[in-house]
Amino acid sequence: MNGIKVENISFSYTEGQPVLSNIDVHFRQESTAIIGQNGAGKTTFVKLLKGLLKPATGNIYVNGMNTQEYTVAQLAKQIGLVFQNPNDQIFKHTVIEEVMFGPKNIGQSTEEARQNSLLALEKIGIVHEADKNPYDLSLSDRKLVSIASILAMKPPIIIFDEPTMGQDYLGKERLKKIMKDLRAEGVLVLSIIHDMDFVAETFERTIVMNQGKIVLDGPTREVFSHEQLIRDVYLELPHATQLGKQLGLKQTFLTVDELINFNRKKQ
Amino acid sequence: MTLYVKQDSLIHEIDPITKVIYAFVAALLPYILPSHTVALIVLVISIMLLVVGKVFRKIIPLIGLSLFLIVSLVIIQGIFRPDNVTPLFHFGPIIFYKEGLSYGLLLMLRVINLLCAFGVLILTTKPDDLIQSFIQKGMSPRIGYVIGSVLQLIPQMSATIATIKDAQRSRGLETEGSLLVRIKAFLPLIGPVIMNSLISTRERSIALEVRGFNAKQKKTFLHEVHTYKYAKVIQAVLILIFIFAILWRIFL
Ligand SMILES: Nc1ncnc2c1ncn2[C@@H]1O[C@H](COP(=O)(O)OP(=O)(O)O)[C@@H](O)[C@H]1O
Ligand SMILES: [Mg+2]
């Protein structure tokens with residue numbers, strides 16, 4: 001029953017200016033990237049999934065629960081959302097307490113919450129900062145704190161809104177690993193993301209949004225084979241894919257490793 | 001996102017300084033000449049200007065907000081004013097007097113008049129234009145900046161609060177419901193609000209400094225505040241009316 005079912009929803013902030021229209025999509029287990037130009041409606045879409053906004057028409061079912069019928073807090077056990085800006089949530093004096101806030105809200109005991117929080121900080125690589133004040137960390141580390149604070153709640157569905165923003169190579173590699181591990185544990189991972197290389201290397205499925213509509217949806221490799229369509233919505237292909245094309249190869253390559261292996265075999 | 005309403009009207013065309021003078025003259029006249037007639041005439045003029053400016057409907061909620069104050073003024077004056085002598089009517093043992101009610105009515109007219117007079121200014125003038133006019137007239141840009149940020153503070157704060165509320169609800173914090181629930185939610189909400197405003201204040205001051213806010217040179221302005229053809233005439237008339245009112249009060 002794990003999954004999100006979006007049934008033909010529309011949404012607008014101000015009447016007469018639809019931000020999302022007729023979106024009908026189903027998320028089961030594949031990790032999914034949501035890509036699209038700024039203003040395409042990605043953040044609005046994930047806020048609807050999370051129940052922060054309610055659709056004007058249509059319904060959204062999160063693990064079978066209609067988002068219209070539950071408060072955001074009630075849904076928090078089912079679905080976690082990591083916000084773009086970590087400053088919007090941090091209020092405790094130590095990292096560990098900040099991370100424990102969510103788990104305690106959804107009914108974990110203090111001990112349980114502490115364990116899950118330490119585990120989450122460990123996974124994300126900042127467990128040594130557990131007792132520091134979050135505001136003494138850099139913005140990119142604060143972002144990691146906000147990710148850990150959702151991981152520690154252990155929801156079966158996790159959505160990230162631009163998690164790679166401000167992260168260096170190591171941070172991105174760590175995020176990749178976390179998302180892949182979550183996927184392996186059976187967690188449904190969705191992420192809004194601008195880094196196409198990251199998309200190609202991490203996600204099984206990719207959804208392309210443009211002007212409030214889903215214009216492409218499919219396995220990541222297939223989506224990136226539509227070169228013209230991707231260009232039309234002002235996105236670029238991953239570097240490995242571009243290189244493959246420039247080398248005149250027919251297949252769509254997603255990672256540098258694929259490209260190298262392909263060339264080795266040929267030789 | 002302030003009270004300013006963008007419209008295409010004659011009143012919007014008039015330059016900010018003229019409207020400031022109008023607001024002060026109109027607000028003060030009923031005090032200089034304490035008669036119902038004067039208050040009523042000025043009020044009617046302000047309302048007409050609001051109608052011409054297509055913003056009359058926006059003043060109604062503002063008057064509504066102050067209605068409690070206004071009504072209690074009339075009631076208290078009607079019952080308790082020291083020079084009350086002529087009873088007018090009574091509710092049970094409570095007697096309302098003519099003198100008190102009349103004075104209460106005058107106070108009421110003054111308050112509504114004040115709101116409408118400044119309404120003409122505030123509802124039809126872009127805050128930026130207003131501040132820039134003052135700076136061009138010689139006010140310190142620092143003070144201009146402070147006024148400008150205060151005007152922006154409220155809409156900005158409420159946007160930040162909405163985002164923060166979303167972030168905490170997402171972590172399972174109940175924000176709706178009983179008083180106890182709301183009290184518990186206070187700290188997780190107010191903490192980030194304060195931190196965010198401190199951070200943005202620091203960043204804004206750096207951004208300003210980088211762009212030469214404190215430079216000693218004479219500054220030019222990016223936007224030209226539109227000048228109004230009859231500004232000088234209107235200003236002169238307003239000031240004349242004001243002086244006449246004072247003379248009238250003193251000598252007649
Ligand atoms: N709170 C809001 N009120 C009104 N309009 C909004 C709000 N948030 C976003 N929008 C508008 O909705 C559209 C989609 O925005 P958003 O979902 O943030 O896009 P993305 O995340 O893809 O950049 C944009 O045109 C944006 O201006
Ligand atoms: Mg966004």
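Naming: A, B, ... by sequence-line order, numbering from 1 per chain. The figures here come from the full heavy-atom set of this structure, side chains too, leaving out hydrogens, waters and symmetry mates.
Residue contact with chain A, scored on non-hydrogen atoms closer than 4.5 Å, is absent for B:I194. The parts of A:L52 that come within reach of chain B are both its backbone and its side chain, each placing non-hydrogen atoms under 4.5 angstrom from that chain. For a residue to count as touching a neighbouring chain, one of its non-hydrogen atoms must lie under 4.5 Å from one of that chain's; by this rule A:I150 touches chain B with the side chain only.
For B:I63, the side-chain contact (heavy atoms from CB on, under 4.5 Å) test picks out B:I59, B:I112, B:L115, B:C116, with sequence neighbours left out.
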Interface of chain B and chain A, donor-acceptor atom pairs under 3.5 Å:
from: B:Q168; atom 1: NE2; to: A:Q89; atom 2: O; distance (Å): 3.0
from: B:S170; atom 1: O; to: A:K50; atom 2: NZ; distance (Å): 3.1
from: B:R171; atom 1: O; to: A:N105; atom 2: ND2; distance (Å): 3.1
from: B:R171; atom 1: NH1; to: A:E98; atom 2: O; distance (Å): 3.0
from: B:R171; atom 1: NH1; to: A:E98; atom 2: OE2; distance (Å): 3.2
from: B:R171; atom 1: NH2; to: A:Q89; atom 2: O; distance (Å): 3.3
from: B:R171; atom 1: NH2; to: A:E98; atom 2: OE2; distance (Å): 2.7
from: B:E174; atom 1: OE2; to: A:T71; atom 2: OG1; distance (Å): 3.2
from: B:N196; atom 1: ND2; to: A:D88; atom 2: OD1; distance (Å): 3.2

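Sorted by first and then second residue, the pairs that involve residues 97-121 of chain A and meet ring pair (Phe, Tyr, Trp, His ring centres under 6.0 Å), not counting sequence neighbours, are A:F91-A:F101.
Contacts of residues 17-26 of chain B with chain A at a heavy-atom distance below 4.5 Å are absent; not one residue qualifies.
Atom CZ of B:F68 has 12 or fewer heavy atoms from other residues, nucleotides or ligands within 6.0 Å.
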